[in-house]
Amino acid sequence: MINLNLKQPLMLPAHQSNVVVGSRLASSPSAAAVSRPRRGGAGVSSSSSRSRSSSRRHTRLPRISCSATEEVSGAVAAVTVEPPQMLTVTATVEASPAIGQMYFERALDDVGDLLGKTLLLELVSSELDAKSGLEKPRVAAFAHKTLREGHYEAEFKLPASFGPVGAVLVENEHHKEIFIREIKLVTGGDTSTAVTFDCNSWVHSKFDNPNKRIFFTLKSYLPSDTPKGLEELRKKDLQALRGDGSGERRLFERVYDYDVYNDLGDPDKHPTHQRPILGGSKRFPYPRRCRTGRPRTKSDPQTEKRDGRHHYVPRDEQFSEVKQLTFGATTLRSGLHALLPAIRPLLQNRKELRFPHFPSIDGLYSDGIPLPAQTGFDAIRSVVPRVVKLVGETTDHVLRFEVPEMIERDRFSWFKDEEFARQTIAGLNPVCIQLLREFPIRSKLDEEVYGPAESAITKEILEKQMNGAMTVEQAVAAKRLFILDYHDVFLPYVHKVRELPDTTLYGSRTVFFLTDLGTLMPLAIELTRPKSPTKPQWKRVFTHGPDATDAWLWKLAKAHVLTHDTGYHQLVSHWLRTHCCVEPYIIAANRQLSRLHPVYRLLHPHFRYTMEINALAREALINADGIIEESFWPGKYAVELSSVAYGATWQFDTEALPNDLVKRGLAVRRDGDGDGELELTIKDYPYAHDGLMIWNSIKQWVTDYVGVYYKSDEAVAGDTELKAFWDEVRNVGHGDKKDEPWWPVLNTRDSLVETLTTIMWVTSGHHSAVNFGQYHYGGYFPNRPTTIRKNMPVEEGRDEEMRKFLSQPETTLLDMMPTQMQAIRIMTTLDILSSHSPDEEYMGEFAEPSWLVEPMVKAAFEKFSGRMKEIEGFIDECNNNPENKNRFGAGIVPYELLKPFSKPGVTGRGIPYSISI
């Protein structure tokens, strides 16, 4: 009897027995959900349920399907085979070895393949021996390589009393790892009764690790429901993934463990590359990252040594070949290191660090910058193909950027107050604006350290800007005033940042008014410099008045606010709240939730590539002198500042979109309780409106899924693996916040649904909203400058700058903005970070194979997929509705960042399951 993935055991008749790894499942003509290949394969889906790419980790293999086995779930539960009959089982394995083997090792492996001695399979029964109560003897056989590339077959003789096969153990006797996509059991060539193991994993060589790999059936089990024959294997597999917390990790390993962020600095390279340890202290609280175990630096025993060659993440977390070819932060760094030195002399020949005028900025998109022949543009084009272009039919190349959509629609939109305000709710960082609930505005910082707490934005200033339409008290009561507040979070860093070369900082507050049209209008901007030992606090309010000087000062003040918003977006809204805070969930899930666990299988697609992209970020983006430090105003304080924001603002419950909106005053619950339907404070708030549709769709999917496996609240409370997972997230992964009262307790189905929905929303909708529009909105850098290099000319002691400003205000604005080198570096980076990989998996488009073998889960996913398609159409309707002034109008970019599906490239739309870039 062989059972791998059915809700009820499927018994294979004695005359039909095959094990197939990697070939396509057939199904009956009535199959409702036959998955088709996503790319490069044959087959057509007959429903919205399509299996995820089984070859996503190794794209040289064609895509396969894993969705038909549930069609026989109604078959006879058992077929009795009389002893002494045996079941003849043929194993077929489609696998692909690692590339880059030494010739001698490859030759040995080829010989081993010919002899059929390189891939050992062991079948494990789900049942214990009835007499002894022990595990039944496993049945093993070597798989022989066939004429088809990467195809192996083995034959087994199973005792009739063997019972359902619940696991396959694999020993790889090649000298290098091998990628196995799928294991399938077919009896007598009848593929309609095939059962499947979805492997999609690299299997280490026995010469690296003698322990066999364990692959389980597609059927999911809670710990208490685990077949007796699999209980010990379930525990053993988890233990192998946890490791023992010692030693340096090797690239082929699959160990998930925790460490603090102690690898951002490189003090052995230079003392200025020293960076604080983030995590494990009250001063710098932070989530944990994956432990690599690398040795410590000579200069600082607390800092991990950076070798500059490779980084460890568990093997199955690494990029597929397609992803490796289309993105890598280290490749990005090497590309920029080749590109920037080549163009630096060309820029210096212009005798300008900054852009001399705005037409020269436009030239980056029209004319470009010619690249010298020695640039090595072929290597650069492989990293940034949209940026380095061939001119005509010659061999000349230029650095020329694509025109961002907002500039293509309206080249002057970045200059307008309306667009400045609109982007706070429909731009790249729509998660920071808040309802102004109290007036006057006051700081919570210590007045003895920073100066007077009360804001300089007075009642008189605001009422004048509202043209007497209402009083401040009336506007606050009517929920018509909103604030973008970067005062308290940035003020402690003002003096530090001003000590860095060629940059400056203020604390800022910007107040907006909600007009009768439903749009926002900026009323006032306050910039503040804290007091110092030699100077008192300086603060000033800027408004857009009729006076020409005030109008230009207003433009300069807006540039400072945009820089603050850009820095906070990249470091907190993007890096911290998605990439950084999600990594502990991934580590804990792999350490505590078995591959058999339904919650693991629900979350698994939401974790794809995130650990790899985070490791690459630590190598080249957020490290000392990395791209972020070189191009954004916080400089060496960049990631440290995100630690401060984590300690002050992050809490798990408000990562849920509805709770976040209520916390910021952008929504209220109609019935006043925690479960009431939300009413938006700004009716046309594109991020919130579309985000809530996505949130509700995810929550319904999770509710249906959880209901299949947990029949009561007691089942949730009694799930030992789930409890261990959540305890580890709270006490280790986010251990610096373990004592906070807002952590949910997973003891009911409702609490589990809310928690899982929150994790899945952050990895999908939230990340998409703050990531894939980066080039659309930041590709024209005056719209979102990453740094401001000069103080406001009205600050005391700047008389010469004030005279220059009065004579040439445009020159002052250009002097403040990023240099040509900074702009090119960040525009190139944003182009890559905004791009979808060709092997992207969009939420609701493809199903996990384990979802499709359970009929109720399959039906729930089909409903989820249908809802996501409906949302896509509904967003189009909203973008074409003239009443929605924040997403429709002349020159306005439609809000598409939360449209679920996309093609590859820089599209400004699409919601992948995971944080994959």
Side-chain angles (χ1 to χ4, degrees), residues 220-225 287 577-578 581-594 596-607 650-663 667 669-678 691-692 694-735 737-766 851 856-857 860-861 864:
S220 300
Y221 296 98
L222 296 178
S224 59
D225 298 329
R577 290 182 61 180
T578 64
C581 288
V582 164
E583 186 154 343
Y585 311 150
I586 303 173
I587 300 172
N590 281 279
R591 287 169 55 86
Q592 301 298 342
L593 295 177
S594 167
L596 284 168
H597 202 292
V599 169
Y600 177 87
R601 285 172 162 165
L602 177 66
L603 292 177
H604 182 248
H606 290 272
F607 295 158
W650 188 87
Q651 56 186 72
F652 180 83
D653 60 333
T654 55
E655 290 301 287
L657 177 61
N659 295 344
D660 172 61
L661 294 173
V662 171
K663 177 184 178 181
R669 299 193 184 275
R670 286 179 179 158
D671 59 3
D673 64 26
D675 298 320
E677 186 177 349
L678 290 184
L692 286 172
I694 300 295
W695 168 273
N696 291 333
S697 183
I698 296 172
K699 188 170 185 178
Q700 185 59 57
W701 157 232
V702 176
T703 299
D704 293 342
Y705 187 93
V706 166
V708 171
Y709 295 101
Y710 295 94
K711 302 304 182 184
S712 66
D713 290 343
E714 289 73 20
V716 176
D719 187 335
T720 55
E721 287 185 4
L722 185 67
K723 182 180 186 302
F725 159 67
W726 198 238
D727 285 349
E728 195 165 283
V729 166
R730 174 175 179 170
N731 295 309
V732 184
H734 285 277
K737 291 198 168 234
K738 64 181 179 180
D739 297 324
E740 298 289 351
W742 37 254
W743 283 104
V745 178
L746 300 191
N747 56 4
T748 66
R749 285 180 291 181
D750 287 345
S751 65
L752 177 58
V753 166
E754 182 76 5
T755 298
L756 296 178
T757 304
T758 300
I759 294 173
M760 294 160 67
W761 158 254
V762 170
T763 63
S764 58
H766 179 105
W851 301 346
M856 294 178 66
V857 173
F861 177 79
F864 173 58

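We use all heavy atoms of the structure for the numbers below, so side chains are in, but hydrogens, waters and symmetry mates are not. Numbering of residues begins at 1 and proceeds along the displayed sequence.
In this structure the side chain of Arg730 reaches within 4.5 angstrom of the side chain of Lys738, judged on heavy atoms. Thr578 has its side chain within reach of Val762: a pair of non-hydrogen atoms, C-beta onward, lies under 4.5 Å apart. For the pair Trp701/Met760, a side-chain contact is recorded, criterion being any heavy-atom separation below 4.5 Å from C-beta on. Within the 4.5 Å cutoff, no side-chain heavy atoms of Ser751 are placed close to those of Val745. Counting heavy atoms from C-beta outward, Tyr709 and Asp225 have side chains that stay 4.5 Å or more apart. Counting heavy atoms from C-beta outward, Asn659 and Glu754 have side chains that approach closer than 4.5 Å. Considering only heavy atoms from C-beta on, Gln651 stays 4.5 Å or farther from Glu740 through its side chain. Between Pro605 and Trp851 the shortest side-chain heavy-atom distance falls below 4.5 Å.
A side-chain donor-acceptor contact under 3.5 Å links Tyr705 to the backbone of Pro598.
The list of salt bridge (Lys or Arg N to Asp or Glu O under 4.0 Å) pairs with a residue in residues 701-720, not counting sequence neighbours, reads Asp704-Lys863, Asp713-Arg749.
Nearest heavy atom pair, residue Ala717 against residue Asn747, reads CB-O, 3.9 Å.
Considering only residues two or more places apart in sequence or on other chains, His597 meets the ring pair (Phe, Tyr, Trp, His ring centres under 6.0 Å) condition with none of them. Shown here are the ring pair (Phe, Tyr, Trp, His ring centres under 6.0 Å) partners of Tyr710, two or more places apart in sequence or in another chain: there are none.
Taking OH of Tyr600 as the reference point, atom CG of Leu722 lies at 15.0 Å (rounded to 0.5 Å). Note: Leu657 CG to Leu678 CG = 8.0 Å, rounded to the nearest 0.5 Å. To the nearest 0.5 angstrom, Ile698 atom CD1 is 7.5 Å from Thr763 atom OG1. Expressed to the nearest 0.5 Å, how far CH2 of Trp743 lies from CH2 of Trp726 amounts to 5.5 Å. Here the CZ atom belonging to Phe725 is positioned 11.5 Å from the CD1 atom belonging to Ile587, to the nearest 0.5 angstrom. One finds the OG1 atom of Thr757 at 13.0 Å from the CD1 atom of Ile694 (value rounded to the nearest 0.5 Å).
The side-chain contact (heavy atoms from CB on, under 4.5 Å) test with Leu756 singles out one residue from Thr703, Leu746, Val702, and that residue is Val702. Each of Lys723, Glu721, Glu728 was evaluated against Gln592; a single residue qualifies, Glu728, per the side-chain hydrogen bond (donor to acceptor under 3.5 Å, both in side chains) test. Of the options His604, His606, His734, a ring pair (Phe, Tyr, Trp, His ring centres under 6.0 Å) to Tyr585 is made by His734 and by none of the others.
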**Message:** As a quick check of understanding, evaluate side chain to side chain contact (heavy atoms under 4.5 Å, CB included) for Arg577 and Asp660, giving each step before the final call.
**Reply:** CA-CA 12 Å; Arg577 290 182 61 180; Asp660 172 61; 4.2 Å; yes
**Request:** Take Trp650 and Glu655 through the test side chain to side chain contact (heavy atoms under 4.5 Å, CB included) and record every step on the way to the result.
**Result:** CA-CA 8 Å; Trp650 188 87; Glu655 290 301 287; 3.4 Å; yes
